[in-house]
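Please read the structure below before turning to the comments.
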Amino acid sequence: MEKPIIYQLLPRLFSNLNDACIPNGTVEQNGVGKLNHINADILKSIRDLGATHVWYTGVLEHATTTDHSAHGITPDNPHVVKGKAGSPYAVKDYYDIAPDLAENIDRRIEEFEELVERTHAAGLKVIIDFVPNHVARCYHSDAHPAGVDDLGAGDDQSLYFGHNNNFYYIPRQLFSPSGVDLGSGSDAYVEFPAKASGNDCFTAFPGQYDWYDTVKLNYGVDYGDHSRHFEPIPDTWLKMLHILRYWAAKGVDGFRCDMVHMVPLEFWQWAIPAVRRQFPHIIFIAEIYEPGLYRPFIHQGGFDYLYDKVTLYDTLRGIQCHNLSAAQLTSCWQTVEGIAGNMLNFLENHDEQRFGSRQFAGDPAKVIPSLVVSSMISTAPMMIYMGQEIGEQAADAEGYSGPDGRTTIFDFWSLSTLRRWLGPDLKAKGAALTAREKWLRGVYASILNLCNSEKAISSGKFFDLMYVNYDNPRFNPHRQYAFLRSTGADESLLIIVNFDDHAADVAVNIPEHAFDVLGMTRATGLKSTELLSGKTEIKNFTPDEPFVTSVGPSGAVVWKFSTAPQKPSEQKSARPSRRKSKKS
């Protein structure tokens with residue numbers, strides 16, 4: 001059973017090698033990454049990191065200030081575009097690829113299909129965004145298949161809510177967002193009647209911090225009286241299902257679905273099985289931030305994985321910033337008990353501040369305890385964001401996005417860390433990386449590859465050891481966390497992390513109950529391996545005495561205990577590693 005390791009990248013930024021970007025620069029000034037740049041060498045490097053999937057973020061055509069009218073693409077009004085590049089989540093055409101990402105704009109769909117083929121050839125699966133809740137203010141599809149009507153084409157705009165309307169309208173009112181310049185004269189953006197904005201803002205007067213660049217889609221819920229109208233099937237449902245099937249037919253392996261809780265659960269109950277009847281391999285990942293909705297969206301909605309942001313991510317961040325005790329991690333798995341394998345764990349993504357930013361940890365090298373916990377606490381997928389593995393700190397002020405610790409999704413920009421890794425020839429050799437960056441990437445590769453090379457992590461059971469160590473004088477539950485992963489009698493891992501800036505010599509109690517629940521074999525004088533360093537020691541793995549080890553500052557240990565009888569071939573293959581570890 002494979003544990004998904006997802007590498008998220010924004011093609012617009014990823015392979016842009018311009019080292020002279022200017023804030024608020026245009027595509028001509030700052031350049032833009034291309035789908036064709038993501039070549040076999042880059043994909044192999046991502047695979048070697050331990051990734052199993054690549055999430056290509058922002059590949060669907062979205063609103064932008066770039067004028068592509070020479071290629072038959074209707075230009076957007078810049079007054080309702082955020083940043084020069086525009087938000088990838090203001091989708092302008094669900095059936096098209098962002099033209100900025102293509103070397104040959106007229107072949108942009110073919111270039112995407114070729115990227116899918118290259119990704120699969122590298123042993124990786126493809127995930128793209130599905131943004132079901134809202135579209136760009138100037139939505140217009142010029143690439144939709146024959147017989148498909150545009151969103152809003154048949155709407156009755158005199159109605160606030162209509163069962164088969166695709167949008168919500170504010171009749172007899174002009175769209176007039178506060179704090180937003182809509183221009184004047186022939187360049188002005190005029191919308192009458194106003195449509196509701198994407199963040200459930202049902203007024204003609206959204207603020208500058210609302211999602212004023214997007215329009216809310218109507219799935220049959222009348223937000224005036226909260227009545228629900230799902231029979232017959234609303235027109236929006238049918239159109240969105242067609243879009244999902246369209247991209248699945250192009251070889252996409254999964255969809256990261258944006259803000260799923262803003263779309264009725266009933267739609268997902270209907271749409272996900274409908275997609276899987278034709279494409280049974282497709283996975284669905286939900287961006288969701290309400291723990292009370294986790295189980296319904298898994299058990300009724302049909303999602304494979306959900307963001308674990310408000311439990312595990314927020315807790316790890318609190319620990320790292322010295323606001324929370326490491327003991328709080330126990331409540332994280334308790335909150336998702338029974339669905340832990342359905343959670344998607346991460347430390348970074350396009351919405352969050354970079355781990356190494358001054359607003360977060362301030363040092364990307366402190367990531368090891370958080371990375372080990374988030375990637376090894378369960379069988380759930382782990383996701384990392386482009387450049388995270390080499391310590392990107394998002395210190396730039398790119399334009400629309402200021403120096404906020406995030407990597408912009410609104411601007412044309414380039415990241416120096418990625419440039420050094422990819423090199424001018426896009427061979428992804430990392431020759432220009434600093435020694436520290438190379439070390440960090442090696443750490444990520446070691447930890448992420450263990451997630452699938454060790455069955456105790458990819459498919460084993462979990463046991464939290466904190467409850468027997470709270471009053472342990474040789475273990476600090478506020479700065480250390482310990483747990484087991486096990487396949488039973490054959491292999492077990494004892495994982496201990498240290499969030500402190502100082503090394504810790506710890507003695508961890510392992511209760512009799514853990515051996516009984518996990519079916520582990522008790523052993524003394526057992527040759528054991530610490531998987532992160534490769535060192536071997538003779539250890540006791542019993543409930544009769546604490547397990548003693550040292551853990552470095554901002555560090556972790558993963559001790560492996562294998563009690564399965566070795567075959568002669570396995571014993572022979574182990575000898576070189578013993579000699580190597582002795583030298584080290």
Side-chain angles (χ1 to χ4, degrees), residues 91 93-95 129-135 139 141 144-171 193-203 211 214-249 254-280 282-290 292-304 306 342:
V91 174
D93 187 345
Y94 278 121
Y95 290 99
D129 289 289
F130 176 56
V131 188
N133 177 64
H134 50 269
V135 295
Y139 185 90
S141 177
H144 60 74
V148 174
D149 292 331
D150 226 355
L151 286 166
D155 282 7
D156 182 345
Q157 298 185 15
S158 68
L159 300 175
Y160 161 77
F161 168 80
H163 173 263
N164 277 323
N165 275 2
N166 297 136
F167 301 127
Y168 295 92
Y169 296 89
I170 297 89
K195 303 182 187 77
S197 296
N199 59 324
D200 290 356
C201 186
F202 298 95
T203 171
W211 302 351
T214 67
V215 177
K216 173 80 173 177
L217 283 170
N218 170 14
Y219 282 82
V221 178
D222 184 342
Y223 287 93
D225 59 13
H226 297 283
S227 58
R228 302 164 86 81
H229 306 266
F230 302 147
E231 294 291 344
I233 298 298
D235 183 70
T236 302
W237 289 29
L238 298 169
K239 287 177 176 174
M240 302 311 276
L241 174 60
H242 191 277
I243 290 161
L244 287 166
R245 286 172 168 167
Y246 173 85
W247 291 107
F255 296 97
R256 179 271 190 188
C257 303
D258 191 70
M259 300 300 288
V260 301
H261 51 292
M262 299 183 79
V263 172
L265 179 62
E266 291 86 349
F267 166 75
W268 301 112
Q269 289 177 288
W270 173 83
I272 290 177
V275 172
R276 287 192 174 131
R277 281 194 288 271
Q278 190 173 351
F279 305 97
I282 295 288
I283 65 169
F284 284 83
I285 299 170
E287 179 194 20
I288 187 168
Y289 301 115
E290 297 183 29
L293 297 177
Y294 285 177
R295 287 167 177 81
F297 273 81
I298 293 168
H299 298 315
Q300 285 88 54
F303 280 94
D304 297 281
L306 313 180
N342 299 104

Fill in: Student check: side-chain heavy atoms of H144 and Y246 closer than 4.5 Å
no
Item to complete: State whether the side chain of R276 and the backbone N or O of I282 hold a donor-acceptor pair below 3.5 Å, judged by distance alone.
Response: yes
Worksheet item: So, for Y139 and V91, which heavy atoms are closest and what is the spacing to 0.1 Å?
Response: CD1-O, 3.3 Å
Item to complete: Give the minimum heavy-atom separation between V221 and P264, together with the two atoms involved.
Response: CG2-CG, 3.6 Å
Worksheet item: What's the shortest heavy-atom distance between G224 and Y160, and which atoms?
Response: N-OH, 3.5 Å
Discussion item. With a 3.5 Å distance limit and no angle check, can you tell me whether Y94 reaches the backbone of V131 through a side-chain donor-acceptor pair?
Written reply: yes
Worksheet item: Can you check whether G162's main-chain N or O pairs, donor with acceptor, with N218's side chain at less than 3.5 Å?
Response: yes
Worksheet item: Of all heavy-atom pairs between P234 and G220, which one has the smallest distance, and what is that distance?
Response: CG-CA, 4.3 Å
Item to complete: Only counting residues at least two apart or in another chain, list the ones meeting ring-ring contact (aromatic ring centres under 6.0 Å, His included) with H229.
Response: F161
Fill in: Minimum-distance pair of heavy atoms, taken over all atoms of H134 and W211
CE1-CZ3, 3.7 Å
Discussion item. In the structure I gave you, are the side-chain heavy atoms of K239 and D149 within less than 4.5 Å of one another anywhere?
Written reply: yes
Discussion item. Using 30° and 60° as the class boundaries, would you call the ring planes of F303 and F297 parallel, tilted or perpendicular?
Written reply: tilted
Worksheet item: Looking at side-chain heavy atoms only, is the closest gap between L217 and V135 below 4.5 Å?
Response: yes
Practice prompt. Taking all non-hydrogen atoms of both residues into account, name the closest pair between Y289 and M259 and its distance.
Written response: CE1-SD, 3.9 Å
Item to complete: Side-chain contact test, heavy atoms from C-beta onward, threshold under 4.5 Å: evaluate it for P171 versus Q157 and give yes or no.
Response: no
Discussion item. Once rounded to the nearest 0.5 Å, what's the spacing between atom CD of E231 and atom NE2 of H163?
Written reply: 8.0 Å
Discussion item. Given 3.5 Å as the limit, does a donor-acceptor pair link the side chain of D150 with the main chain of S141, or not?
Written reply: yes
Practice prompt. For Y168 and V215, run side-chain contact (heavy atoms from CB on, under 4.5 Å): C-alpha distance rounded to whole Å, both residues' side-chain angles, the deciding distance at 0.1 Å, then the answer.
Written response: CA-CA 8 Å; Y168 295 92; V215 177; over 6 Å; no
Worksheet entry | Residue that, paired with F284, satisfies side-chain contact (heavy atoms from CB on, under 4.5 Å) out of V260, L306, L244 | L244
Item to complete: Decide yes or no on side-chain contact (heavy atoms from CB on, under 4.5 Å) for D129 and W247, but give the supporting numbers first.
Response: CA-CA 10 Å; D129 289 289; W247 291 107; over 6 Å; no
Worksheet entry | Results of salt bridge (Lys or Arg N to Asp or Glu O under 4.0 Å) for R228 - residues two or more places apart only | E266
Item to complete: Compare all side-chain heavy atoms of H242 with those of Y95 and state whether any distance is below 4.5 angstrom.
Response: yes
Worksheet entry | With D155 via salt bridge (Lys or Arg N to Asp or Glu O under 4.0 Å) - residues at least two apart | none
Fill in: CA sep, side-chain torsions, deciding dist, call: D235, N166, side chain to side chain donor-acceptor pair (under 3.5 Å)
CA-CA 7 Å; D235 183 70; N166 297 136; 3.0 Å; yes
Worksheet entry | Test item: N133 and D258 side chains (from C-beta on) under 4.5 Å apart, heavy atoms | no
Discussion item. Main chain of D304, side chain of N342: is a donor-acceptor contact present, judged purely on distance under 3.5 Å?
Written reply: yes
Worksheet entry | Distance in Å, E287 CD paired with C257 SG, rounded so as to fall on 0.5 Å steps | 10.0 Å
Worksheet item: Rounded to the nearest 0.5 Å, how far apart are CZ of R277 and CZ of R245?
Response: 7.0 Å
Worksheet item: Can you tell which of F167, Y169, Y223 makes a ring pair (Phe, Tyr, Trp, His ring centres under 6.0 Å) with F202?
Response: Y223
Item to complete: Verify side-chain contact (heavy atoms from CB on, under 4.5 Å) between N165 and D156, making sure each step is shown before the conclusion.
Response: CA-CA 7 Å; N165 275 2; D156 182 345; 4.0 Å; yes
Fill in: Contact check, side chains of V275 and L241, non-hydrogen atoms, under 4.5 Å
yes
Worksheet item: Can you find a heavy atom in the side chain of P132 that is under 4.5 Å from one in the side chain of W268?
Response: yes
Discussion item. With rounding to the nearest 0.5 angstrom, report the CH2 to CD1 distance, W270 to I233.
Written reply: 5.5 Å
